[in-house]
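Each remark here refers to the structure printed beneath this line.
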Amino acid sequence: MTKKLITVIGATGAQGGGLARAILADKTGEFSVRAVTRKPDGDAARALAAAGAELVSADLDDVESVKRAFDGAYGAYCVTNYWEHMSPDKEIAQAKNLADASKASGVTHVIWSTLEDTRKRVPVSDERMPTLHGRFKVPHFDTKGESDAQFDPARTTYLATSFYWENLIYFGMNPKPDASGKLGFVLPMGDKKMPGIAAEDIGKCAYGLFKRGATAIGQHLGIAGEHLSGAQMAQALSQALEREVHHTDVPPAVFRSFGFPGADDLGNMFQYYAEFADEFCAARPLADSRALNPELLTFAAWLGKYKSKIPLS
Ligand code: NAP
């Protein structure tokens with residue numbers, strides 16, 4: 001049987017890597033993987049090739065290279081990495097290149113990894129949070145949501161992702177000791193719940209969408225492993241780490257003032273999460289996420305696998 005080819009953008013990263021590994025692990029499955037990277041000699045690319053992926057070099061800044069990567073593919077997983085450059089204009093241009101290339105190459109099923117355009121609920125004129133880069137409230141969200149319109153709904157599933165729990169390992173969101181040595185987990189959301197997910201599960205859910213096929217095309221859906229408040233996350237951390245972790249709540253304005261690159265963007269994001277918690281969680285239903293990916297991890301299960309990687313200083 002000839003397998004249907006899925007071109008995976010970001011295959012060497014968290015989202016695309018999860019999808020590539022999910023497809024490659026399913027030896028009897030109907031799909032094969034073309035992994036896109038700018039670094040075919042890198043360790044992550046070599047590991048994918050060793051597991052059976054075809055490797056292709058392409059750069060999202062170069063639409064012709066993306067068209068070549070999509071040539072002959074049935075499906076395409078499309079993700080952009082805002083944090084590599086932190087330029088809204090660049091992310092929007094890269095998303096347009098993905099959308100244009102998928103149309104030009106005649107890809108049947110595109111999954112666009114997106115997030116809400118927060119300006120639909122908090123217009124730029126709304127002063128509850130600062131406007132950033134002149135026309136955004138949460139730049140790394142708004143760029144993706146604004147880019148939805150570039151993609152062809154007759155071939156696209158719009159997949160809204162969630163906060164990766166891996167941010168506690170790699171993105172500075174780990175519990176940190178206060179002056180007395182007690183660990184505090186900072187989440188500036190009061191008692192509101194935040195959808196979170198194991199990064200690997202995003203790719204597994206995407207694989208479920210490719211398997212679902214035509215019925216998924218044109219759909220907007222969101223995924224999460226669990227919806228938890230800061231206090232609930234701190235409690236799960238305490239249990240897993242066998243050391244007390246308390247939830248440290250700070251106002252979003254204080255988070256914005258932390259000064260690290262992107263603190264203003266993330267402060268606005270947490271404020272949006274908190275103020276629209278009901279809508280944001282409802283857009284990421286847990287049962288539907290589990291239907292796409294029966295292996296979906298809860299936070300406690302994620303901690304069971306990865307707690308030793310969380311820095312505690
Ligand atoms: P990641 O693990 O940081 O890896 C980035 C991937 O993108 C790599 O595979 C990289 O490929 C590829 N890439 C970046 N720029 C490229 C370019 N110009 N051309 C070709 N490939 C390029 O990324 P990720 O976490 O999977 O996805 C990042 C996105 O996730 C961000 O936009 C972020 O907003 C979004 N997101 C993050 C979270 C979170 O909680 N952290 C939650 C939801 C959504 P090579 O380096 O191999 O070329």
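Note that these values count all heavy atoms, side chains included, but never hydrogens, waters or copies made by symmetry. As the structure lists them, so they are numbered: ligands from 1, and atoms in each ligand from 1. Because the structure is predicted, anything quoted here is derived from the model rather than measured.
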Result block: side-chain N/O donor-acceptor pairs under 3.5 angstrom for residues 218-226, not counting sequence neighbours:
residue, atom, partner, partner atom, Å
E226, OE1, F299, N, 2.8

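For R21 and E295, the salt-bridge test fails: no basic side-chain N is under 4.0 Å from an acidic carboxylate O.
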Contacts table for ligand 1: protein N or O within a distance under 3.5 Å of ligand N or O, distances only.
residue, atom, partner, partner atom, Å
ligand 1, 2 (O), A14, N, 2.8
ligand 1, 3 (O), N81, ND2, 3.4
ligand 1, 9 (O), G10, O, 3.4
ligand 1, 9 (O), T12, N, 3.4
ligand 1, 9 (O), T12, OG1, 2.6
ligand 1, 9 (O), G13, N, 3.1
ligand 1, 11 (O), T12, OG1, 3.2
ligand 1, 15 (N), R38, NH2, 3.4
ligand 1, 18 (N), D59, OD1, 3.0
ligand 1, 19 (N), L60, N, 2.9
ligand 1, 25 (O), Y164, OH, 2.7
ligand 1, 26 (O), A14, N, 3.2
ligand 1, 26 (O), Q15, N, 2.8
ligand 1, 30 (O), Q15, NE2, 3.1
ligand 1, 30 (O), Y164, OH, 3.1
ligand 1, 32 (O), T80, O, 2.6
ligand 1, 32 (O), Y82, N, 3.0
ligand 1, 32 (O), K144, NZ, 2.9
ligand 1, 34 (O), K144, NZ, 2.8
ligand 1, 40 (O), Y164, N, 2.8
ligand 1, 40 (O), N167, ND2, 2.7
ligand 1, 41 (N), N167, OD1, 3.1
ligand 1, 46 (O), R38, NH2, 2.9
ligand 1, 46 (O), K39, NZ, 2.9
ligand 1, 47 (O), T12, OG1, 2.5
ligand 1, 47 (O), T37, OG1, 2.5
ligand 1, 48 (O), R38, N, 2.7
ligand 1, 48 (O), R38, NE, 2.7
ligand 1, 48 (O), R38, NH2, 3.4

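Using a 3.5 Å distance cut-off with no hydrogens or angles, the side chains of K4 and S32 do not pair a donor with an acceptor.
Note: Y273 and F280 have tilted aromatic rings, judged against thresholds of 30 and 60 degrees for the angle between ring planes. Classified by interplanar angle (parallel below 30°, tilted 30° to 60°, perpendicular above 60°), the ring pair W165/W302 is tilted.
Checked against the 6.0 Å centroid criterion, the rings of F258 and F255 qualify as a close aromatic pair.
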